[in-house]
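This report refers to the structure that appears directly beneath it.
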There are 2 protein chains.
Amino acid sequence: MTNRPPRPRGRGIPDATVARLPVYLRALQALQDRETPTVSSEALAAAAGVNSAKLRKDLSHLGSYGTRGVGYEVEYLVYQISRELGLTQDWSVAIAGIGNLGRALADYGGFGSRGFRIAALLDADPAVVGRTVAAVEVGHIDRLEEIVRSAGVSIGVIATPAASAQDVALRFVEAGVTSILNFAPVVLSVPEGVDVRKVDLSIELQILAFHAQRRADGDGRRPVGGTGLEPV
Amino acid sequence: MTNRPPRPRGRGIPDATVARLPVYLRALQALQDRETPTVSSEALAAAAGVNSAKLRKDLSHLGSYGTRGVGYEVEYLVYQISRELGLTQDWSVAIAGIGNLGRALADYGGFGSRGFRIAALLDADPAVVGRTVAAVEVGHIDRLEEIVRSAGVSIGVIATPAASAQDVALRFVEAGVTSILNFAPVVLSVPEGVDVRKVDLSIELQILAFHAQRRADGDGRRPVGGTGLEPV
DNA sequence: CCCACTTTGTGCGTGCTTTCACAAGCGCGT
DNA sequence: ACGCGCTTGTGAAAGCACGCACAAAGTGGG
Ligand SMILES: NC(=O)c1ccc[n+]([C@@H]2O[C@H](COP(=O)([O-])OP(=O)(O)OC[C@H]3O[C@@H](n4cnc5c(N)ncnc54)[C@H](O)[C@@H]3O)[C@@H](O)[C@H]2O)c1
Ligand SMILES: NC(=O)c1ccc[n+]([C@@H]2O[C@H](COP(=O)([O-])OP(=O)(O)OC[C@H]3O[C@@H](n4cnc5c(N)ncnc54)[C@H](O)[C@@H]3O)[C@@H](O)[C@H]2O)c1
């Protein structure tokens, strides 16, 4: 694991690549657990569920970290991807809305394992505020700014009801948070420079339903009471 | 066993469009609640956080449902999008793994509202099996096939630990499920023709971390947002 | 009827993404 | 030293997605 922080990488890794790096990282860590020293692009691509040419091109954006005829050294690549993703430093996360979902997120162990630390939990319900979840005491949402600033939070997670999400988002931003992960089913409006990603269960199900319906239409699969209406 | 079908997209609606239709649908339903009869592409695009030309092109894939000089009739468009997405029929969902996350999903109300009905819950833990969550009794995972078939499940949700996810996925497939939503942090391998989507919290956080690091890095400019609210 | 105005639907240029295909590089055995 | 087999890194091509800009199509007022 040689440290190598110069910058041969052409600045600007494509978004599509960035979205796949965590997948590669996870596959590599599984190999690490099995003490596999090196891996070929073919094998790693299979583990990550992508085309091997795509994997190589993705990795080439980070630098030339492979050895022709051999493959990639697992440990070295883990380090390089971690560094590129910013996982060599710790990130403090605040979760707003400690309901069913918020609690599941807070309790989730797979978080802290990789550089993300839950630094603050926030809720509006007096019955929840003051309780301790995952070793963190739930603070009142009214003190968001104070808590977020003092905990040095850089990533805000929104798990409140949809009606409160926009408000909470702006308060996160006012408190200096520029990265937000939103679970509420609303489109958030935030100032330029703030990065919002959303996780939307309902949308995922609807996309699955679309494809399922298409399969059912084409094939002779059993429909469950669809309409016979055709597009005009 | 392929990880991902190449792109069986017979000519039809582009994937990128399909992924946005649920967003439009949600915005339209909000308009419906406010009894707005018609909406322009400009206004709907703003509500959905997209470019209006993109919205019009997306909708044009469904047909010519707008009126020039006027806009789109909200109710009609809701129906057309719903039909295209397959929401005019009901979909039965099974959730495997009734832990923290699985319980949150089962309890989540925003599901049923859009044609998705929780038909079965499955777990391996004797302490969980037999309990009732969200008015559904948790069945034992060993009876997956029987339960899934008798409940007519068409969408399987995996919220088990990562180690069990692949196994559960294959059992879903054997029971006839061809649409799977996976919350476990693993790449699933399924036979061709089975549609898998994943929701991965950890990946989302890592992507946020990457962008946050980039903003903090060489880039010394402080994003002065002003008050310009940008839809995301 | 005509005209000014609004808004849709889409042709087209631009840039990003994926995939193929292969030369160049590396290790190993002889 | 040399050739062979394996694997990377990357040009080039094909495929998509996005968004501008505008003609076509509709509304409403006079
Ligand atoms: N549970 C799921 O599986 C699921 C799935 C998809 C999306 N979501 C979305 O995630 C969000 C949370 O879901 P949930 O099931 O945990 O709901 P929940 O009702 O169990 O929890 C919401 C929590 O937010 C708190 N809250 C309300 N207003 C607040 C405010 N202004 N500031 C801070 N906290 C506030 C409430 O006190 C409550 O504890 C919702 O927007 C929901 O639509 C949930
Ligand atoms: N909780 C989160 O916020 C969160 C976030 C991202 C991803 N995930 C992933 O979601 C999954 C579930 O997370 P969780 O927090 O609910 O975990 P959990 O441990 O609370 O729940 C897991 C449940 O699955 C059951 N189970 C175990 N093996 C099973 C099997 N073979 N068949 C059926 N059920 C089985 C267990 O009995 C338990 O009830 C995990 O893969 C986790 O990595 C969770």
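Just so it is clear: chains get the letters A, B, ... in the order the sequence lines come, proteins before strands, and each one is counted from 1.
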* To do: Establish, with yes or no, whether the OP1 or OP2 oxygen of C:dT17 is under 4.0 angstrom from a side-chain nitrogen or oxygen of A:N51.
  =>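 False: A:N51 side-chain N/O out of range (4.0 Å or more) of C:dT17 OP1/OP2.
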Just jot down the salt bridge (Lys or Arg N to Asp or Glu O under 4.0 Å) partners of [X], sequence neighbours excluded, or say none.
| X | result |
| --- | --- |
| A:R56 | none |
| A:R171 | none |
| B:D200 | A:R26 |
| B:D167 | none |

* Choosing from D:dC18, C:dT17, C:dC20, which nucleotide comes nearest the side chain of B:K54? ->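 Of the candidates, D:dC18 comes closest.
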* Looking at the side chain of A:S60, which of D:dC18, C:dA21, D:dG9 is the nearest nucleotide? ->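 Output: D:dG9.
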* Asked: Are A:Y65 and A:Y76 an aromatic pair by the rule of ring centers under 6.0 Å?
  -> yes
Could you state the [atom1]-[atom2] distance from [X] to [N], rounded to the nearest angstrom?
| X | N | atom1 | atom2 | result |
| --- | --- | --- | --- | --- |
| B:D15 | D:dC18 | CG | C1' | 16 Å |
| B:H61 | D:dC16 | NE2 | P | 12 Å |
| B:L59 | C:dT8 | CG | C1' | 10 Å |
| A:L55 | C:dC20 | CG | P | 14 Å |
| B:L62 | C:dT8 | CG | C1' | 14 Å |
| A:D58 | C:dC16 | CG | C1' | 13 Å |

* **Set of side chain to side chain contact (heavy atoms under 4.5 Å, CB included) partners for B:Q32, sequence neighbours left out** =>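 Checked B:Q32 against side chain to side chain contact (heavy atoms under 4.5 Å, CB included); matches are B:Q29, B:V74, B:E75, B:V78.
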* **Main-chain N/O of A:V153 paired with A:W91 side-chain donor or acceptor, under 3.5 Å** => no
* Asked: Below 3.5 Å, does any donor atom in the side chain of B:K57 face an acceptor in the base of C:dG9, or the other way round?
  -> no
* Give one of base, sugar-phosphate or nothing for A:A16, where a contact means two heavy atoms less than 4.0 Å apart. =>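 The residue A:A16 makes sugar-phosphate contact but no base contact.
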Polar atom pairs (N or O), protein with nucleotides 1-8 of chain D, under 3.5 Å:
unit_1 : atom_1 : unit_2 : atom_2 : d
D:dT7  : O4'    : A:G69  : N      : 2.9
D:dT8  : OP1    : A:S41  : N      : 2.5
D:dT8  : OP2    : A:S41  : OG     : 2.5
D:dT8  : O2     : A:R68  : NH1    : 2.9

